[in-house]
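Fair warning: this is a prediction, and the values are worked out from it, not measured in the lab. Protein chains get the first letters and strands the later ones, always in sequence-line order, with residue 1 at the start of each.
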There are 2 protein chains.
Amino acid sequence: MDIKGVISLSEQPVIIKQIIGKTLKAIRIKQGLSQEDLAQECDVDRSYISMIEVGRNEPSVTKIFDLCKGLKIKPSDFFKMVEGEYEKTLEQG
Amino acid sequence: MDIKGVISLSEQPVIIKQIIGKTLKAIRIKQGLSQEDLAQECDVDRSYISMIEVGRNEPSVTKIFDLCKGLKIKPSDFFKMVEGEYEKTLEQG
DNA sequence: GTGTGACTGCCAGTCCGTT
DNA sequence: AAACGGACTGGCAGTCACA
C-alpha cells in the first residue's frame, strides 16, 4: 500500500458535515446574525440551522446554495473554505 | 442536452441536482471514463452514477467529495463549475 | 438566542432487468 | 459492454416542542 492509500482511505476519515457546520457558524457569527435571522432569511426552520452547525445534519447542495444566498456569499467561496478545512483535517489525521 | 427543458413548473427556480449531474457527466466523459469505471473508483453502485447524471438523485456533499476523489479533481473546482452553470441558468431564466 | 429528544416522510442508494 | 430505469427500503433530512 502506497502513501495515497494511507491518506485517502474511504471509510469515515473526515466528517464533512461537521466541517460544513463549523464553516457556516463562523460566517454567520462574523456577519453578526443570529440563527433566527439566518433562518428567516433563507426560509428554513431555525432549529435546522442549529442542527447543521452542530454537525448533526448534512445539508444538501441545494440547501447550501440557499444558505449562501442568505449569507450573501458565493457558494464556491463557501466550498473553498470547506475544502481547506477538510485538507487541514486530513493532514492532522 | 439543455438544462432549460428539464426545469419543472414548480416553484423551484433552478434545479441544482440537474446541474450537478450535467457537470459530473461532462468531467467523466472528458476523462474517458465509463460510469462503471467511476463507480468502481468511488466504491458506489454503477447505477447510482447514472441516477446522478440524469438528475434523479442529488448526491450529498460527502458523496461529491468522494466522486471528486475518483475523478482526481478538487471539489472546489467542481463546485465552481456548478456555480457557473447555475448563474448561467439564472440569467437565461 | 441556542441546543436537543422524538418523530415522520421522503429520497438517497441499491438490486435487478432491460435496451 | 455500457447506460437507463422501475421498484424497493433504510436512514437521514427537516420539523416541533421544550429545555
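Between A:K72 and A:E41 there is a salt bridge, since a side-chain N of the basic residue sits under 4.0 Å from a carboxylate O of the acidic one.
At D:dA1, none of the side-chain N or O atoms of B:Q35 fall inside 4.0 Å of OP1 or OP2 (strictly under the cut-off). Contact between the side-chain N/O atoms of B:K25 and the OP1/OP2 oxygens of D:dA2 is not found at any separation under 4.0 Å.
For the side-chain hydrogen bond (donor to acceptor under 3.5 Å, both in side chains) with A:E53, the lone residue among A:R28, A:Q18, A:K22, A:K25 that qualifies is A:R28.
Every residue meeting the ring-ring contact (aromatic ring centres under 6.0 Å, His included) condition with B:F65, not counting sequence neighbours, appears here in chain and number order: A:Y86.
Contact between B:E83 and A:S76 at its shortest, heavy atoms only, is OE1-N, 2.7 Å. Closest heavy-atom contact between B:L67 and B:L38: O-CD1, 4.3 Å.
Heavy-atom contacts from other residues, nucleotides or ligands closer than 6.0 Å to CE of A:M51 number more than 12.
Annotation: proximity of residues 74-82 of chain B to DNA chain C (heavy atom, distance under 4.0 Å) is found for no residue.
Within the model, atoms OG1 of A:T62 and CD1 of B:I15 stand 8.5 Å from one another, a figure rounded to the nearest 0.5 Å.
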Letter per nucleotide, 5' to 3', of nucleotides 6-19 of chain D [B base touched, S only sugar-phosphate touched, - untouched; heavy atoms, 4.0 Å]: BB-----BBBB---
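Atom C1' of nucleotide C:dG3 and atom CG of A:L24 are separated by 15 Å, given to the nearest angstrom. The distance from atom CD1 of B:I49 to atom C1' of D:dA3 is 12 Å, rounded to the nearest whole Å.
Using a 4.0 Å heavy-atom distance criterion, A:S50 is classed as a base contact.
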Should B:K88 and B:E91 be marked as a salt bridge (Lys or Arg N to Asp or Glu O under 4.0 Å) after you check the CA-CA gap, both sets of side-chain angles, and the distance that decides it? CA-CA 5 Å; B:K88 210 174 88 184; B:E91 289 167 11; over 6 Å; no
